[in-house]
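Residue indices begin at 1 and follow the sequence shown. Since this is a predicted model, take the numbers as computed values, not measurements. One-based numbering, in listed order, for ligands and for the atoms of each.
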Amino acid sequence: MTDHTHADTLRTPIVAVLGHVDHGKTSLLDTIRGSAVSEGEAGAITQHIGATDIPLDTISGMAGELIDPTDFDLPGLLFIDTPGHHSFSTLRARGGALADIAVLVVDVNDGFQPQTEEAIDILRRTGTPFVVAANKADTTPGWNPQDGEPIQKSMEAQSERAKSMLDENLYEIIGQLSDAGFSADLYWRVQDFQKNIGVVPLSALTGEGVPDLLTVLMGLSQRFMKEEMAIDVTGPGEGTVLEVKDERGFGATVDTVVYDGVIRNGDTVVVGGQDEPIVTEVRALLRPRPLAEIRTEKEFEKVGEIGAAAGVKIAAPDLDRAMAGAPVRVVRDRTVEEVVEEVKAELAEIEVETADN
Ligand code: GDP
């Protein structure tokens with residue numbers, strides 16, 4: 001059942017990767033980016049500020065037989081680059097989580113660790129749908145690596161002994177998820193992803209199981225978040241500040257993930273600040289320049305507008321008191337006061353959350 005009539009208004013779901021330190025968040029993101037690029041097509045990925053966009057075509061190329069691209073009309077997946085749940089817990093959007101969906105990375109040998117528990121608590125509190133990446137499957141003794149293959153195909157190439165050792169670790173993790181109050185199973189056994197958490201065994205090192213992870217993320221988004229992804233692409237832009245950064249020639253800038261509408265150069269925006277909301281005017285919208293051009297030219301290129309979902313650097317006067325995690329709102333055809341009140345209300349909510357934890 002594919003409805004293409006509204007395809008131009010469906011935005012890319014925003015994906016966050018979290019988990020205990022050293023369990024492989026950074027490696028997993030690198031592998032996803034790297035194997036996407038080695039798919040070879042131009043436009044295989046688009047590097048944003050603070051995020052990476054992987055289009056459906058690329059995911060489908062990586063996932064091979066696992067995916068039928070005609071089942072999907074969401075444009076792909078936008079992975080937030082900044083790993084770590086501390087940033088995740090401050091990255092809010094309209095009182096919910098900025099990320100629409102999350103990957104909880106757990107080392108198959110280590111199982112749940114303190115930061116895994118913390119991450120689970122945050123996911124529960126924000127009601128964020130997630131899948132578990134049971135990483136480092138390749139460290140199973142006797143493992144016979146099958147680079148980049150779907151995990152079940154890779155399992156077929158393993159000895160009985162290796163398979164049962166991995167299984168044992170996987171069931172340990174499934175048990176720990178259950179102790180945390182989540183019914184979970186290996187993803188290919190899950191019938192209803194709204195009731196059960198899918199566990200995807202994989203290796204960020206060899207890439208096996210990565211096609212499965214992308215398939216599950218795409219499927220989850222399509223099935224359960226399609227309505228939330230339907231946006232007015234011409235509406236006033238809304239986003240969340242990832243980071244405040246000084247940039248030579250621009251002064252203080254805010255790296256922002258835009259999750260709704262569009263931000264245009266020259267727009268009046270309200271940005272959450274350390275004291276008061278900041279009302280300012282966009283002087284430049286900056287994107288990373290493609291790698292090939294960076295050597296000879298500047299690091300960023302200016303764009304006239306940027307629509308959700310995307311990561312962008314906003315240059316505007318008075319941003320030095322802007323705050324990571326704070327909302328960014330385009331004023332457009334509303335009054336500045338109205339938007340300032342909206343930003344204040346959202347900041348108050350973030351402060352309550354922070355005080356509670
Ligand atoms: P992070 O702290 O969660 O971002 O973890 P990293 O991505 O930095 O990984 C921590 C260590 O584990 C690094 O030395 C990685 O090379 C290693 N690592 C990550 N994923 C895998 C994997 O799938 N297999 C193996 N063998 N090592 C991995």
Check the pair K313 / E247 against salt bridge (charged side-chain N to carboxylate O under 4.0 Å, His left out), numbers first and verdict last.
CA-CA 10 Å; K313 183 185 280 298; E247 219 63 70; 2.7 Å; yes
Closer than 4.0 Å to some heavy atom of K25 - which atoms of ligand 1 meet that?
1 (P), 2 (O), 3 (O), 4 (O), 5 (O), 7 (O)
Is any side-chain N of the basic residue among R264 and D267 closer than 4.0 Å to the acidic one's carboxylate O?
no
N/O donor to acceptor pairs below 3.5 angstrom from side-chain atoms of residues 276-287, sequence neighbours left out:
residue	atom	partner	partner atom	Å
T280	OG1	P317	O	2.8

Check this for me - ligand 1, G24, N or O atoms closer than 3.5 angstrom, yes or no?
yes
Any N/O of A204 closer than 3.5 Å to an N/O of ligand 1?
yes
Would you say V21 has any N or O atom under 3.5 Å from an N or O of ligand 1, going by distance alone?
no
Nearest 0.5 Å, what's the CG-NZ distance between L18 and K25?
8.0 Å
Working to the nearest 0.5 angstrom, can you tell me the gap between R94 CZ and T240 OG1?
9.5 Å
So is S27 polar-close to ligand 1, meaning N/O to N/O under 3.5 Å?
yes
Give the C-alpha distance, both sets of side-chain angles, the deciding distance and a yes or no for salt bridge (charged side-chain N to carboxylate O under 4.0 Å, His left out) between R11 and D100.
CA-CA 11 Å; R11 73 159 168 86; D100 301 298; 2.9 Å; yes
Mind running side chain to side chain donor-acceptor pair (under 3.5 Å) on E208 and S203 for me, showing each step along the way?
CA-CA 5 Å; E208 44 208 316; S203 163; 4.9 Å; no
Near T139 (heavy-atom distance under 4.0 Å), the atoms of ligand 1 are 26 (N)
Which of the atoms in ligand 1, numbered in the order shown and given with their element, are less than 4.0 Å from a heavy-atom of H20?
3 (O)
Proximal atoms of ligand 1 relative to L205 (non-hydrogen, under 4.0 Å)
22 (C), 23 (O), 24 (N), 25 (C), 26 (N)
Is it the side chain (CB and beyond), the backbone, both or neither of D22 that lies under 4.0 Å from ligand 1, heavy atoms counted?
both
Honestly, for H23 the part within reach of ligand 1 (heavy atoms, under 4.0 Å) is backbone
